[in-house]
2 protein chains.
Amino acid sequence: MKSSLARSEWPVAVTTARACDGCGLVQRCFLARPLPDDNGECRDIVRRRYPIARGERLYRRNTPFTSLFQVCNGSLKTQRETPEGDLVVTGFFLPGDVVGIDALADRQYQSDAYANIDTEVCQLDFERLLSHCTRKPGLNAWIISIIGSYVRRKDCDLSWSCSLQTHQRVLRFFLDLHDRLTQSSQAPSSRLALPMKKQDIASYLHMTPETLSRNLAQLRRQGLLQLHENRFTLPDTTRARAITGL
Amino acid sequence: MKSSLARSEWPVAVTTARACDGCGLVQRCFLARPLPDDNGECRDIVRRRYPIARGERLYRRNTPFTSLFQVCNGSLKTQRETPEGDLVVTGFFLPGDVVGIDALADRQYQSDAYANIDTEVCQLDFERLLSHCTRKPGLNAWIISIIGSYVRRKDCDLSWSCSLQTHQRVLRFFLDLHDRLTQSSQAPSSRLALPMKKQDIASYLHMTPETLSRNLAQLRRQGLLQLHENRFTLPDTTRARAITGL
DNA sequence: CCGATTGATTGACCGACATCAACTCACCAG
DNA sequence: CTGGTGAGTTGATGTCGGTCAATCAATCGG
């Protein structure tokens, strides 16, 4: 597995130019363009960019944390185990998102990260990132804002994940997914591909696959969601936002 | 209200020595003792230390973020509003905890912070903190770890808040509270004071006060929890940990 | 001392969601 | 083609926890 390469195998001197060659995210990625206060010496933060096949694991729980990963294209999920032993999906990561932030506290990954579909990630060396931060306020602000966004997302998730009804949670999930997918690709908002399995959505939303299925059927009947063959559209986003309280 | 003082009213030149005078947290607080790479110039991070009476508000949602606050003694809660308009408690903060981290993303507080009981907080100027970070790796590491701990807590909360049964959630809450209270005060672990209302606990655990009450009664019958007049003990922590999966 | 207010407890009832089961469909190997 | 596997759907049934209501306890100001 690519993610388990030993340190010595990493191409240490990869330049940003080479690593970012052909990356679909190059328009939005902070590393592909010079930072406000960067004059080129931040490039070594990028270890490498590499693909993860669908179903493959990026990192494993309780292994030492060395790197953050930014999703270039595709999608990842993180999951952890409950006391009872079953798995719960704790997050989905789309192009532009940074994964591994839950490991900052004790320098160990707190979850397992898997590719939902064929995916490419950009590996960022955290120590180098930190060391540059002490000299570059812009970079420091960037990393703080990345972590801050992650915190905000978790906080929001926590406040609806239990207080809303199941059909509201489902609708809200698709609204959120819609927003994130369209802002990252600027593609027309119609017929977006659903980049994860329904089982995982159900797990993430704290419900069973059965209830998710029933709710999807209901939302389809109400004309709030179209979903065929892993492609979806939201015909009436304003009504949807009203229902979910957005 | 103390927290709404204008900037100009802040005693800008407070030294750490004066601000920390008589602070119950002085043993554990990072600011009371010199940092690994501090030679005294980080003192101006501490704006001031001041009390918040029980029920008073420390900051309000959607107001500009300028400061983090570290709890010296007492306890705080943060809460936010659901789409339906009712309030949900999103976190409890005990001595040593830092509150305001959810505001990092867009520089606005994302919740309302209130004192559960009479409380003292230490106000840390975030801009100054950041500016020192660029020169002091130790301070940068500290702030990253503070944020990291917050992230880990949120992640954990999210994974049990819905997947566990109510009695497990209640027991887990008391175990967690026990651990946090004893580690912050090094006091003997018996007869700890419960520093928040049961309503707020119920809200935080995503259940009604009635359900919380029933579960408390049940846990008392099972000999897993003693709770009288806002003081509690956990007679059998090992069994409790087994039940909650810790 | 007294009502007023807020918090906590207990009981009866009910509904949303989980559970269990059967079934369809797509995909793949042989 | 056939059999196997895993994802997804649909239906019948049960239950955990929410809702509503009454009661009790604690605090506070007069």
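Every chain is numbered from 1, with letters handed out A, B, ... down the list of sequences.
Among the nucleotides dG8(D), dG17(D), dA18(C), the one closest to any side-chain atom of Thr166(B) is dG17(D). Between dA8(C), dC20(D), dC20(C), one nucleotide has an atom nearer to the side chain of Glu210(B) than all others, and that is dC20(D). Among the nucleotides dG18(D), dA8(C), dA18(C), the one closest to the side chain of Thr211(A) is dA18(C).
For the pair Asn116(B) CG and dG7(C) P, the computed distance is 13 Å after rounding to whole Å. We find that CG of Asn230(B) is positioned 8 Å from P of dA8(C), with the value rounded to whole Å. Lys197(A) places its NZ atom 14 Å from the P atom of dT9(D), with the value rounded to the nearest Å. Separating the CG atom of Leu212(A) from the C1' atom of dG8(D) is a distance of 10 Å, rounded to the nearest angstrom. We find that CD of Gln199(B) is positioned 14 Å from C1' of dT27(D), with the value rounded to whole Å. Rounded to an integer number of Å, the gap from Leu164(A) CG to dA16(C) P is 15 Å. Rounded to a whole Å, the CE atom of Met207(A) is 7 Å from the P atom of dA18(C). When the C1' atom of dG18(D) is taken as reference, atom CG of Leu205(B) falls 15 Å away, rounded to whole Å.
Screening Leu76(A), Leu68(A), Val121(A) for a side chain to side chain contact (heavy atoms under 4.5 Å, CB included) with Val99(A), the sole residue that qualifies is Leu76(A).
The structure places NE2 of His228(B) at 8.0 Å from OG1 of Thr233(B), a figure rounded to the nearest 0.5 Å.
A salt bridge links Asp176(A) with Arg153(A): the closest approach of a Lys/Arg side-chain nitrogen to an acidic carboxylate oxygen falls below 4.0 angstrom. Between Asp155(A) and Lys154(B) a salt bridge is recorded (basic side-chain N to carboxylate O distance below 4.0 Å).
Across all strands shown, His167(B) has no heavy atoms under 4.0 Å from either base or sugar-phosphate atoms.
Disulfide criterion (SG-SG under 2.5 Å) for Cys162(B) and Cys162(A): met.
You'll find the side chain of Gln79(B) reaches within 4.5 Å of the side chain of Tyr114(B), heavy atoms only.
Proximity of Gln165(B) to the phosphate of dC16(D): no side-chain N or O atom is located under 4.0 Å from OP1 or OP2. The phosphate of dT9(C) (OP1 or OP2) has a side-chain N or O of Lys198(B) nearer than 4.0 angstrom.
No donor-acceptor distance shorter than 3.5 angstrom exists from the side chain of Arg47(A) to the backbone of Gln123(A), with no hydrogens or angles considered.
Within residues 213-223 of chain A, the residues having any heavy atom under 4.0 Å from DNA chain C are, by residue number, Arg214(A).
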